[in-house]
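Let me give you the structure first, and then I'll get to my questions.
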Amino acid sequence: MYTDSFNTQLVRKNTGAIKYDRIKTDFGTENILPMWVADMDIPVPPFIMEAIQTRCQHPILGYTLIPERWYQSILNWLAQRYQWEVQKQEIGFLPGIVSGIALAIQCFSKPGDRILIQSPVYPPFRYLPKANGRELVENSLVYRNNQFEIDFEDFEEKAASGCRMFILCSPHNPGGRVWSKEALERMLAICAAHDICVVSDEIHADLTLPGHQHHPAAMVETSDCALITLMAPSKTFNIPGLNSSFYVIQNESVRTQFDRFLQNLSLNHGNLFAYEATVAAYEQGAVWLEELTRYLQTNIDYVVAFLKAHIPQITCSIPQASFLIWLDCRNLGMNQKELETFFIHEAGLGLNTGTSFGPEGYGFMRLNIGCPIETLQLAMSQLKSAIKQVKTDQ
Ligand SMILES: Cc1ncc(COP(=O)(O)O)c(C=O)c1O
C-alpha cells in the first residue's frame, strides 16, 4: 500500500535539511550522495501530513494543552508493540531525545560524577557528559562476527568504579544491535547493585526489523534501578524536524524529581504540531511501519549481498533494527583520514566517519540505507567503481 511512496525520489536540497544543505560545510564538496545524518529520504506517512494540514486550517496556533489523545496514543502504542503497560502520569513530553539525555544528566548527576557509556556509540552519548562537566567512562563493545557484543566483565568493573549513571543505547547505534532480554537483565542488575541511574535511549525501538524483538529496559525483571526511558515517533516516522519525544519513568520518586526539574526550566510542554503528528503516527501508523521495516530489510539485504559479491574487502554489521549499517573497511588498509577522503572524493559518498562514534570506530564508516533502493544501488555502484580503482592503484 505504501511501498511505492518509499521508492519516490524527492529533492530535499534547499529545504534546510542538514543531510543536504550542510554537505559543503561537512564534506568540503557539493559533489556527493549524502548517506549520513540519521533521517530517511522517505516521505512522512500521508496520515501525519493530513493531521498537520487539518490543524493548519484553523488560523490560530495559540497556547495549546497537551491533548488527552497524545497520552492515550502513546500508552496504546507501548501496550500493543511491547506489551508494556504504562500509566498516563508516567509519561511526559520532551523536545528531543538528545535534550532528554542532557536534562537527565543535569537532573540525576552532579559535576564530576562518572557516567558510563558503551562505545562506539551515537556521538552525543560521548560529548554530553563531558560538556556537562561529568567524567566519561567507556565500556567498549566487542565487534565479533559483524555484530556488537558486551564485555560484561569490563562493564561490571567500570560500573563498580563509582559510576552514577549509565546511558544505554537500545537498540544500539551504530550497528543496529537489539539487545537480548538476558543482556539487558545483566546490565540492569549490575546497575541496580551499584545504585546507578539508567537512562535508556530507545529511539530506534520501533524500527526493530522482522524476526527481532525489542525489550524495553523497564520491562526487564531486574530493572530495579532509577530508570528513565526515552522514546519518540521521530526516527520511526521520519519527523525529527518536529521535535517530538517523550520519557517514561515508572518509579514515583524518580519521576517527581524529573518532572520538577523540567517544570523549573519551563520545559514541561511541547508544541502543537508535535502533538498532532504523534497522535496520527501512533493511532494510524502500524501498517505503514510494518511496510517500512520490510522495505528497510530489503535495502539491508541488498547491501549485504552487494558487498559480498562485488566488494568483499568491506564487510558490514547485520542490523537487527533501524536503517544504519556499520561498514568494516579495515581490510582496505587505509588510515581514518584516507578512508574519509576515499569515500568523499573517490566514491562520491557522504557517510559518517567511524571515529565520530569513539576510537573503536577506527577503520569503520556508517552508512544510512533509509532511502529509495535506487539511491542505494547508485551508492553501491559508485563504491564498487572506486574500490576497483584502489585495487589497480596498488
Ligand atoms: C541513539 C540516538 N538517540 C537520539 C537520536 C536523536 O534524537 P533527537 O533528534 O530526538 O534528539 C539519534 C539520532 O540519530 C540516535 O541515533
Side-chain angles (χ1 to χ4, degrees), residues 16-19 22 26 34-42 44 74 91-106 115-129 131-132 141 148 166-179 184 198-209 214 216-217 228-248 262 267 270-271 273-275 277-278 281 296 317 319-326 350-354 356-358 361 364-371:
I18 291 178
K19 193 191 273 177
R22 231 178 59 190
D26 283 53
M35 320 285 288
W36 56 308
V37 175
D39 62 20
M40 297 182 280
D41 291 338
I42 278 180
V44 172
I74 294 174
I91 60 179
F93 185 88
L94 280 174
I97 301 285
V98 174
S99 316
I101 296 173
L103 290 161
I105 289 172
Q106 293 187 1
I115 297 186
L116 182 62
I117 60 162
Q118 294 176 306
S119 343
V121 72
Y122 178 57
F125 279 52
R126 305 176 56 76
Y127 70 70
L128 286 175
N132 283 284
L141 293 170
F148 284 115
F166 167 46
I167 313 175
L168 168 68
C169 194
S170 175
H172 194 79
N173 169 13
R177 181 73 150 123
V178 171
W179 300 120
L184 290 166
V198 178
V199 177
S200 184
D201 174 344
E202 303 187 16
I203 191 172
H204 292 281
D206 293 339
L207 290 164
T208 297
L209 294 163
H214 169 77
I228 297 101
T229 303
L230 305 175
M231 290 182 141
S234 54
K235 194 73 56 187
T236 319
F237 295 97
N238 212 20
I239 51 171
L242 288 179
N243 287 67
S244 176
S245 313
F246 61 94
Y247 60 88
V248 184
L262 294 181
L267 278 173
N271 75 83
F273 293 115
Y275 302 147
T278 302
L296 296 177
S317 63
Q320 300 169 333
S322 211
F323 47 83
L324 306 166
I325 294 189
W326 193 232
L351 275 66
N352 297 81
T353 190
S356 64
F357 299 84
F364 292 83
M365 299 292 284
R366 194 193 69 177
L367 172 73
N368 179 343
I369 57 91
C371 59

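In each ligand, atom 1 is the first atom listed, and ligand 1 is the first ligand listed.
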Just checking, is any N or O donor in the side chain of S170 or S200 under 3.5 Å from an acceptor N or O on the other one?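 No pair is found: no donor N or O on one side chain lies under 3.5 Å from an acceptor on the other.
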In terms of side-chain heavy atoms, does E202 have a donor or acceptor partner in H214 at a distance below 3.5 Å?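 Yes, a side-chain donor-acceptor pair sits under 3.5 Å.
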Using the ring centroid of each side chain, check whether F93 and Y275 are separated by less than 6.0 Å.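 Ring-ring flag for F93/Y275: true, centres closer than 6.0 Å.
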Can you tell me how far CG of N352 sits from CG of N368, rounded to the nearest 0.5 angstrom?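 Answer for the CG-CG pair, N368 versus N352, is 8.0 Å.
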Can a salt bridge be assigned to the pair K235 and D206 using a cut-off of 4.0 Å between side-chain N and carboxylate O?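 No salt bridge links K235 with D206.
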Using a strict cut-off of under 4.0 Å between a residue heavy atom and any atom of ligand 1, list the qualifying protein residues by chain and number.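 Ligand 1 is contacted, at a heavy-atom distance under 4.0 Å, by A38, G96, I97, V98, Y122, C169, N173, D201, I203, H204, K235, S245.
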Holding to ring pair (Phe, Tyr, Trp, His ring centres under 6.0 Å), I want the full list of residues that pass it with F364, two or more places apart in sequence or in another chain.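 F364 satisfies ring pair (Phe, Tyr, Trp, His ring centres under 6.0 Å) with Y143, W326 once adjacent residues are dropped.
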